[in-house]
There are 2 protein chains.
Amino acid sequence: MGLTKTIARPRAAAASVQAPAALPLDQILIADCIAAMRALPARSVDMVFADPPYNLQLGGELFRPDGSHVDAVTDEWDKFDTFAAYDAFTRAWLAEAHRILKDDGTIWVIGSYHNIFRVGTAVQDLGYWILNDIVWRKANPMPNFRGTRFTNAHETLIWASKHEKAKYTFNYRSMKTLNDELQMRSDWEFPICGGPERLKKDGTKVHPTQKPEALLYRILLACTKPGDVVLDPFFGTGTTGAVAKRLGRRWIGIERETGYVAAARERIAAALPLDESALATMQSPRQQPRVSFGTLVENGYLTPGAVLTDAKRRFRVTVRADGSLLADGGETGSIHKLGATLQEAPACNGWTFWHHEAGGKLHPIDTLRQTWLLATQP
Amino acid sequence: MGLTKTIARPRAAAASVQAPAALPLDQILIADCIAAMRALPARSVDMVFADPPYNLQLGGELFRPDGSHVDAVTDEWDKFDTFAAYDAFTRAWLAEAHRILKDDGTIWVIGSYHNIFRVGTAVQDLGYWILNDIVWRKANPMPNFRGTRFTNAHETLIWASKHEKAKYTFNYRSMKTLNDELQMRSDWEFPICGGPERLKKDGTKVHPTQKPEALLYRILLACTKPGDVVLDPFFGTGTTGAVAKRLGRRWIGIERETGYVAAARERIAAALPLDESALATMQSPRQQPRVSFGTLVENGYLTPGAVLTDAKRRFRVTVRADGSLLADGGETGSIHKLGATLQEAPACNGWTFWHHEAGGKLHPIDTLRQTWLLATQP
DNA sequence: GTTCAATCTGAATCGCCTT
DNA sequence: GAAGGCGATTCAGATTGAA
């Protein structure tokens with residue numbers, strides 16, 4: 001399990017009545033996305049990943065704000081009407097997604113400059129709280145053949161929680177590990193989907209905008225836990241489902257085109273779940289059992305009377321029997337509190353601030369905690 | 001100068017009546033931006049560059065892990081009560097900009113995820129035609145100190161013409177030359193503004209959000225011709241004016257805060273017009289990109305569950321989903337950290353230490369990285 | 001003068017738990 | 001709900017100061 005900032009809350013009684021067991025897990029619903037979403041229970045999925053249509057004509061289909069179909073699409077739609085129709089459609093499915101998401105769930109939406117500004121505005125207007133926008137830098141974008149603009153070499157993703165104060169999942173430590181011990185940034189580079197990964201039929205691509213699995217891999221690894229449920233209302237050829245299965249997550253897909261559905265089913269059936277030990281990811285300290293400094297003193301890892309200093313030996317304190325510290329100036333407190341007090345800092349992590357001497361060297365007392373954890377954890 | 005796609009049109013008779021000679025060229029108008037824009041004639045400038053307030057909506061105080069305080073943007077000019085208020089402000093100045101622009105002029109607006117979606121929606125609704133969105137990747141962004149999100153490492157710019165069919169200026173050849181004979185892409189990397197370029201007074205920054213000159217340099221070089229007029233309605237400390245002067249463009253700035261105006265005047269007075277031969281030296285060398293081990297896992301170069309060993313097969317580890325390694329003894333870590341831990345060494349280059357077996361032979365995983373680079377680099 | 005180490009800082013929507 | 005304790009959390013580049 002990766003670090004998660006959330007701890008599962010007991011499901012509200014009202015939600016239980018909705019019979020979450022009835023969720024169509026690991027299935028594709030062949031239906032219009034808004035209609036199918038309406039049939040799903042409130043507060044039931046952990047993440048929504050959406051790759052909505054980018055084009056403003058919606059492939060000839062338009063929706064009213066209530067989600068119903070607009071039958072007649074004429075060529076005379078002026079720009080305002082076209083944007084208005086796209087906005088209505090966007091707000092309709094985003095509102096359903098908001099209802100279906102658990103309170104601590106998050107949503108991801110991908111788009112290009114044609115639609116992402118409208119999506120982002122709708123996301124904010126519907127009460128979602130944007131956490132990041134992410135740039136997918138394409139390693140091998142299509143050049144601008146006519147030389148009239150900059151090569152359009154990226155797409156944009158929006159990551160948002162349901163509410164400002166939500167305790168969303170973010171596997172910080174996993175992301176940092178994945179990026180060679182540097183914080184994962186908001187700009188990601190992947191090749192576009194091609195090669196054996198690209199689904200083809202009779203030599204032509206099955207779907208015009210198939211997304212690379214690497215993109216979904218990073219998203220699901222970063223923001224879900226094993227067993228979490230991911231809903232993709234624009235399932236296409238099932239990249240979300242294939243990666244979810246590989247990573248031990250549950251998925252629900254909605255897709256109207258039966259051609260895509262058939263390709264997605266075949267693809268997901270062939271996907272192999274990762275072995276459980278491979279699925280394990282870097283843990284955050286917060287996932288480890290808590291160890292108080294007093295425990296170490298009680299168990300003889302440090303003796304009352306032992307001397308601690310900071311790394312530069314500017315401050316010197318003595319360990320007392322109850323795990324509190326005594327400074328030379330008479331101040332006392334916990335390892336954290338006294339570290340903060342002496343430095344006149346607002347806060348301090350005593351585990352890494354205080355050191356003890358052994359073998360002529362200074363070691364942070366956190367190494368004692370790690371030793372204790374190794375000795376006592378199964 | 002680079003090739004330009006436009007040929008100047010004869011000025012319309014009506015516009016001549018507006019006496020364009022009265023444009024306050026190379027001056028700062030000390031005024032509210034919308035009021036000052038109302039006083040400018042229609043169809044009179046070639047470009048608008050705008051760096052409007054981002055409406056950050058920051059919470060409480062933020063401290064770095066070392067306890068130091070983060071100097072946030074707390075200025076009154078960035079505060080708006082609601083999205084509706086911000087939208088109204090945005091649409092008002094964007095509408096004035098549309099009026100003031102020549103028919104073949106273009107507009108640039110910069111923002112972050114806090115405001116850019118609302119700006120982009122307004123741009124489209126007002127009839128502008130988006131040509132590109134550009135990502136400014138910051139070489140040295142501020143980290144996410146609490147480990148709660150991805151490092152916010154970029155800002156977004158929107159480039160738009162006044163109308164869909166406009167014959168805007170794009171110096172394609174200049175951009176290609178500037179980018180080592182490859183088409184300029186939509187993702188640009190620059191450091192944030194610092195060092196001697198950052199304006200300071202009494203040791204503190206004059207403006208909280210001063211933009212790097214390199215950014216304006218590329219924009220003006222790409223999308224204006226010498227002698228063109230650039231309007232910046234949020235002039236701040238005058239980056240636009242300084243770069244315009246350097247590149248032989250005319251400029252008009254609007255700024256309300258007299259402190260910023262004074263700094264901008266002094267700065268622009270000191271700016272020297274650039275000799276054209278100096279342009280070649282402004283090119284930044286292409287640097288070999290960093291590749292994380294996680295990238296290789298995400299892209300299938302190594303599968304989670306794969307086994308790695310050192311060259312002498314003394315240590316044996318398994319690759320996990322996030323690019324971390326799991327040793328037989330239960331220890332985990334990145335390729336570098338775990339290599340160091342197992343050898344009890346202070347540090348280790350995991351790329352050359354760990355090997356995978358292929359064709360009965362051991363190969364350092366660095367060869368996979370090289371393969372990846374060959375496959376993804378132009 | 002030169003080099004290296006320590007310090008400072010940048011458009012940031014930056015906890016969680018118990019009492 | 002508010003308050004307070006615990007303890008987790010940073011990267012690149014410029015500047016300063018010591019050696």
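Order of the sequence lines sets the chain letters (A, B, ...), proteins ahead of strands, with each chain counted from 1. Computed from a predicted structure; not experimentally measured.
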**OP:** Applying side-chain hydrogen bond (donor to acceptor under 3.5 Å, both in side chains), name anything that partners B/Glu76, two or more places apart in sequence or on another chain.
**Re:** none

Original post:
When you compare C/dT13 with D/dG4, how far apart are their C1' atoms, in angstrom units rounded to a whole number?
Top reply: 25 Å

Subject >> Side-chain N,O (A/Lys337) to OP1/OP2 (D/dC6) below 4.0 Å >> reply: no

Original post:
Does OP1 or OP2 of D/dA8 have a side-chain N or O of A/Arg369 closer than 4.0 Å?
Top reply: yes

**OP:** Please state whether the rings of B/Phe150 and A/Trp188 are parallel, tilted or perpendicular, taking 30° and 60° as the class boundaries.
**Re:** perpendicular

Original post:
Reckon B/Tyr113 has a side-chain N or O less than 4.0 Å from the OP1 or OP2 of C/dT13?
Top reply: yes

Original post:
Which heavy-atom pair separates A/Tyr168 from A/Ser161 by the least distance, and what is that distance?
Top reply: CD2-CB, 4.4 Å

**OP:** Report yes or no: is there a donor-acceptor pair, N or O only, under 3.5 Å between the side chain of B/Arg149 and the base of C/dT13?
**Re:** yes

**OP:** Please name all residues satisfying side-chain hydrogen bond (donor to acceptor under 3.5 Å, both in side chains) with B/Ser186, sequence neighbours left out, ordered by chain then number.
**Re:** A/His154

Original post:
How would DNA chain C look in dot-bracket form, 5' to 3', counting Watson-Crick and G-U wobble pairs with both distances under 3.5 Å and writing | for bases paired to another strand?
Top reply: .|||||||||....|||||

**OP:** Can you sort out the partners of B/Phe80 under ring pair (Phe, Tyr, Trp, His ring centres under 6.0 Å), two or more places apart, ordered by chain and number?
**Re:** B/Tyr86, B/Phe89

Subject >> A/His363: side-chain hydrogen bond (donor to acceptor under 3.5 Å, both in side chains) partners, not counting sequence neighbours >> reply: none

For nucleotides 3-5 of chain C, which of its nitrogen or oxygen atoms have a protein nitrogen or oxygen under 3.5 Å away, and what is each distance?
none

Original post:
Taking DNA chain C as the partner, which of residues 58-67 of chain B come within under 4.0 angstrom of it by heavy atom?
Top reply: B/Leu58, B/Gly60, B/Leu62, B/Arg64

**OP:** Determine the Euclidean distance between corresponding P atoms of D/dT9 and C/dA11; express it in Å to zero decimal places.
**Re:** 25 Å

Original post:
Does a nitrogen or oxygen in the side chain of A/Tyr168 sit under 4.0 Å from OP1 or OP2 of C/dC16?
Top reply: no

**OP:** Kindly say whether, by distance alone, the side chain of B/Lys138 makes a donor-acceptor pair under 3.5 Å with the base of C/dA11?
**Re:** no

**OP:** Using the P atom as the reference point in each nucleotide, state the distance between C/dT18 and D/dA8 in Å, no decimals.
**Re:** 15 Å

Original post:
Do A/Glu181 and A/Arg173 meet the salt-bridge criterion of a basic N to acidic O distance under 4.0 Å?
Top reply: yes

**OP:** Tell me whether the OP1 or OP2 atom of D/dC6 has a side-chain N or O from A/Ser334 closer than 4.0 Å.
**Re:** yes

Subject >> All pairs passing salt bridge (charged side-chain N to carboxylate O under 4.0 Å, His left out) where residues 57-73 of chain B contributes a residue, at least two apart >> reply: B/Asp71-B/Lys205

**OP:** Could you check whether A/Asp366 gets within reach of a base, just the sugar-phosphate, or nothing at all, counting any heavy atom under 4.0 Å?
**Re:** nothing

Original post:
Under 4.0 angstrom, heavy atoms only, what part of the nucleic acid is B/Thr151 near: base, sugar-phosphate, or nothing?
Top reply: nothing

Donor-acceptor list for residues 233-243 of chain B side chains, cut-off 3.5 Å, not counting sequence neighbours:
{"residue": "B/Thr239", "atom": "OG1", "partner": "B/Lys211", "partner atom": "O", "Å": "3.4"}
{"residue": "B/Thr239", "atom": "OG1", "partner": "B/Arg267", "partner atom": "NH1", "Å": "3.1"}
{"residue": "B/Thr239", "atom": "OG1", "partner": "B/Arg267", "partner atom": "NH2", "Å": "3.3"}
{"residue": "B/Thr240", "atom": "OG1", "partner": "B/Asp232", "partner atom": "OD2", "Å": "2.6"}

Subject >> B/Phe145 over C/dC14, stacked by centroid distance under 5.5 Å, angle under 30° >> reply: no

**OP:** With C1' as the reference atom in both, quote the distance from D/dT10 to C/dT9 in angstrom, rounded to an integer.
**Re:** 12 Å

Original post:
Contact class for A/Cys348 (heavy atom, under 4.0 Å): base, sugar-phosphate, or nothing?
Top reply: base

Original post:
When every nucleotide of nucleotides 13-19 of chain D is labelled 5' to 3' by its protein contacts under 4.0 Å (heavy atoms), B for base, S for sugar-phosphate only, - for none, what sequence of letters results?
Top reply: SSS----

Original post:
Between A/Arg314 and B/Phe83, which has a closest nucleotide on DNA chain C that is more 5'?
Top reply: A/Arg314

Original post:
Between A/Ser334 and A/Lys337, which heavy-atom pair has the shortest distance, and what is it?
Top reply: OG-N, 3.0 Å

Original post:
Sequence neighbours excluded, which residues qualify as side-chain hydrogen bond (donor to acceptor under 3.5 Å, both in side chains) partners of A/Thr156?
Top reply: none

Subject >> Nearest-Å distance once atom C1' is located in both D/dG1 and C/dC16 >> reply: 16 Å

Subject >> For A/Asp46, salt bridge (Lys or Arg N to Asp or Glu O under 4.0 Å) partners two or more places apart >> reply: A/Lys102

Original post:
Between B/Asn152 and C/dT13, does any side-chain N or O lie under 4.0 Å from OP1 or OP2?
Top reply: yes

Original post:
Should D/dT15 be called syn or anti, with syn set as within 90° of 0?
Top reply: anti

